[in-house]
Amino acid sequence: MKLIEDANQQALERILEGEPRLIDIVPARQLIPGLRERMILHAGPPISWDRMCGPMRGAVAGAIVFEGWAQDLPTATKLAASGEIEFHPNHHFGAVGPMTGMTTMSMPLFVVENARFGNRAYCAVNEGLGKVMRFGGNDASVLKRLAWLRDVFGPALGKAIRAAGGVDLKSIVARGLSMGDELHQRNLACSSVFLREVAPWMARTSTDNAVLAECLAFIGQNDQFFLNIAMAMGKAITDPANGIRGSTIVTAMCRNGTDFGIRVSGLGEQWFTAPVEMPEGLYFAGYSEKDANPDMGDSAIVETIGLGGFAMAAAPAVAGFVGAGAPSEAGNFTRSMGEITVAQNPEWTIAAMDFAGVPTGIDIRLVVDSGVVPVINTGIAHREPGIGQVGAGVVKAPLACFQQAIVAIAKDLGVS
Amino acid sequence: MTDQDGPQYQQLLARKVEVVNVGLEGFVKDLRDCGIDVVHVDWKPSAGGDPQMAALLAKLGV
């Protein structure tokens, strides 16, 4: 159908032409005008408190205490259940967040600008491993770290990024892919390259050596630091490709621990949801699939732009880490995702695939026709609030989301 | 093939058989166990055989 092919070509061009630059870190309330007191943005498609999973509820309670809307976690939980807290998806406000994806007014957010189209997207700072809010952690150590990110780290890194005139992200991703990252479960190379670029600017703009050392160590000790920047980049790249009538290209994939949701360019802001699946993967010592929560997070935005599970061939070590088979089989994931995408990204190539570009532009028609669904590399959260990450694995997007979208776009185009 | 099939089929089996197996992979092992060369083609019907979805996909240009 010519209308669809033309629309998909336009959507693909917009994705490939994106020029994402990290330009700042700013408190959320300054970036998102609608974000006010007693309002929490979360990962995934819309969800109400009564349908939220354990870790999401734990993170919500922690965020409420962090913002000072309740004195302690039990009071915060009651407040959340009372209906006095507004919940909205990050995606509705130009933002994304990993796992539980909490975004509240005082949290510092990375600002990624797509210079080609002039739009911006936001994501909170990666907290590191262990007990963290993105996995549902909410104790004093979690809140203390968030306060440090708000009061010390965010302002310090923001000053450095502004002084540097921003940081080009596409080139960091290109180098990371050649150094063993797939940008979802492995961000070691990109985090290191990023640190190499910003460290001089942090030194130039710092007035306190102890703070400088603390901030540099925080980035240097967190292999996943770059993930949140890559997520904001993904959102900044895909948003201009949304809303092209007739396009069957996916512009967002995300999950909230209960539902998996997708957006499709030709269908604009509409969500197509289905129950989210359990990741299949490997568990840390002492944990098993009995402890696991169904998949969560806006981080599947990186798969939406051809990274993560789609770029598994670039990161054979990740295949073992997420329990997806032998490192030699990593290329099968990337080849398989090539069956459901319309192009390769010539700027992001994989040496192990003879420099083929990452598979880009998921076409819902190809997904439903083939039955091959997007694969997403993911962390696994404990199903109870407050415990944190218990493993890592691979999760498949539910086919039902894509089938619903096919029916909807056929109706919209008058061919049903 | 049955006993009623014509001589052309009998001739087919009189020489070395080479098989292209399309779809279900289960037949491949049995044939190979009999010493027959098999090329497997990984194929599924469109939309997993869902006729309504396949019809929509056809209209949408797949």
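Residue numbers start from 1 in every chain, and the chains themselves are labelled A, B, ... in the order their sequence lines are given, proteins ahead of strands. Basis for what follows: all heavy atoms, side chains included, without hydrogens, waters or symmetry-related copies.
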| request: Sort and list the pairs that fulfil side chain to side chain donor-acceptor pair (under 3.5 Å) and have at least one residue in residues 309-331 of chain A, not counting sequence neighbours. | output: none

| said: Report which part of V367(A) has an atom under 4.5 Å of a heavy atom belonging to chain B: side chain, backbone, both, or neither. | reply: neither

Short donor-acceptor separations (under 3.5 Å), chain A to chain B:
residue : atom : partner : partner atom : Å
R365(A) : NH1  : L60(B)  : O            : 2.8
D369(A) : O    : A47(B)  : N            : 3.0
D369(A) : OD1  : S46(B)  : OG           : 2.5
V415(A) : O    : K59(B)  : NZ           : 3.4

| Quick one: what part of L60(B) sits under 4.5 Å from any heavy atom of chain A, side chain, backbone, both or neither? | both

| note | Applying side chain to side chain contact (heavy atoms under 4.5 Å, CB included) to L282(A) and not counting sequence neighbours gives none

| task | For E280(A), look at atom CD and say whether over 12 heavy atoms of other residues, nucleotides or ligands are found less than 6.0 Å away. | result | no

| Of the backbone (N, CA, C, O) and the side chain (C-beta and beyond), which part of L413(A) lies under 4.5 Å from a heavy atom of chain B, both, or neither? | side chain

| Non-hydrogen atoms of M53(B) and I406(A) that approach each other most closely | SD-CG2, 3.7 Å

| said: Please output the residues of residues 299-315 of chain A in contact with chain B, using a heavy-atom cutoff of under 4.5 Å, in numerical order. | reply: none

